[in-house]
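Remarks on the structure that follows.
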Amino acid sequence: MPAASYLVGACWVCFRRGLSGPGAAGDPLWAAAVVVDAGRIVGQRVVGGYASGPYVPGMLALRLGPQFEDVVRRLTPWPEVLLLDATGDDHPRRAGLALHLGAALDLPTVGVTHRPLLATGVWPADEAGATSPLTIGTDQVATWLRTRPGTRPLVVHPAWRTDLEVSVRVVEASLAGRRTPEPLRSARQAARRARAGQ
DNA sequence: GCGACAG
DNA sequence: ATCTTGTCGC
């Protein structure tokens, strides 16, 4: 039997260039979602829309939740896991957007961010694959992951139906030699391309 | 009062 | 998010 396809999805939202500060409801945006199979894009959707509210730390879902849900629902084929720039348990109410979106879509999710929201932890060694825990109190809620030497580590957040171990494994498997997982890069590129067309 | 603060 | 600037390395 052939090896099973491993379909990894990702979604991204970008705003008009030059927008600064927290923004507001009604900000024009472009949302993109992709599905990648062994490094190849096998599904892609892009949609224009408007922000539901301003950006407030801890309430990202109120700004972008409906837009992410809308674009991902249009995706075919359906991925096995979805990556997005958001947190899971690293949140004031242990309910970051990655958790919300996975629950709403009944789809396993993994958050990937540049920095933690509340959690703290020392950076891992400067070697590919090095990790260190990010904790809130005594609970590990996310993992620092050095995806490439000499670059800032990423924060990997377990979210809907994923755990600390699986989330790191999914991210490492989708790096394709870059610092950022390839599906997320593709989704960002698709959103920006749509923006450029307007 | 001041800085921090997923995107 | 998005912008700018500067630096390092291939």
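Numbers restart at 1 for each chain; the letters A, B, ... are given by sequence-line order, proteins then strands.
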Taking all non-hydrogen atoms of both residues into account, name the closest pair between A/Thr76 and A/Arg45 and its distance.
OG1-NH2, 4.3 Å
Considering all heavy atoms, the nearest A/Ser174-A/Pro183 contact
O-CD, 3.7 Å
Are the side chain of A/Trp144 and the backbone of A/Gly121 linked by a donor-acceptor contact shorter than 3.5 Å?
yes
For nucleotides 4-10 of chain C, 5' to 3', base contacts (B), sugar-phosphate-only contacts (S) and non-contacts (-) with protein non-hydrogen atoms under 4.0 Å give -------
Under 4.0 Å between any heavy atoms, over every strand shown, what does A/Trp30 touch: base, sugar-phosphate, or nothing? Just pick one.
nothing
Identify the heavy atoms of A/Tyr50 and A/Leu29 that sit nearest to each other, and give their distance.
C-CD2, 3.7 Å
In whole angstrom, give the distance that lies between atom CH2 of A/Trp12 and atom C1' of C/dT2.
11 Å
Students often get this wrong, so: under 4.0 angstrom with heavy atoms, is A/His114 touching a base, only sugar-phosphate, or nothing?
sugar-phosphate
Derivation of the side chain to side chain contact (heavy atoms under 4.5 Å, CB included) call for A/Leu7 and A/Trp78:
CA-CA 8 Å; A/Leu7 300 178; A/Trp78 197 241; over 6 Å; no
What are the two closest non-hydrogen atoms of A/Tyr6 and A/Ala173, and how far apart are they?
CE2-CB, 4.4 Å
Would you call the rings of A/His91 and A/His100 parallel, tilted or perpendicular, taking 30° and 60° as the class edges?
tilted
Are A/Tyr55 and B/dG7 stacked, counting the six-membered base ring, centres under 5.5 Å, planes under 30°?
yes
In residues 172-195 of chain A, which residues come under 4.0 Å of DNA chain C by heavy atom?
A/Arg192, A/Arg195
Sidechain N-carboxylate O distance under 4.0 Å for A/Glu182, A/Arg178
no
Under 4.0 Å between any heavy atoms, over every strand shown, what does A/Gly23 touch: base, sugar-phosphate, or nothing? Just pick one.
nothing
Please step through side-chain hydrogen bond (donor to acceptor under 3.5 Å, both in side chains) for the pair A/Ser167 and A/His157, ending with a clear verdict.
CA-CA 7 Å; A/Ser167 60; A/His157 305 261; over 6 Å; no
A/Gly21 near the nucleic acid: base, sugar-phosphate alone, or nothing, with a heavy-atom cut-off under 4.0 Å?
base
Check every strand shown and say whether A/Thr113 touches a base, only sugar-phosphate, or nothing at a heavy-atom separation below 4.0 Å.
sugar-phosphate
Describe the nucleic acid contact of A/Gly96 in one word from base, sugar-phosphate, nothing, applying a heavy-atom distance below 4.0 Å.
base
Rounded to the nearest angstrom, tell me the gap between atom CG in A/Leu29 and atom C1' in B/dG7.
12 Å
Would you write out the dot-bracket form of DNA chain C, 5' to 3', with Watson-Crick and G-U pairs under 3.5 Å, [ ] for crossing pairs, | for pairs to other strands and . for unpaired bases?
..........
Which whole-number value in Å describes the distance from A/Arg16 CZ to C/dT2 C1'?
12 Å
Shortest non-hydrogen separation from A/Ala32 to A/Ala187 and the atoms involved:
CB-O, 3.4 Å
Between atom CZ in A/Phe68 and atom C1' in B/dA6, what is the gap in whole Å?
11 Å
Of A/Val36, A/Leu83, A/Val8, which meets side chain to side chain contact (heavy atoms under 4.5 Å, CB included) against A/Leu184?
A/Leu83
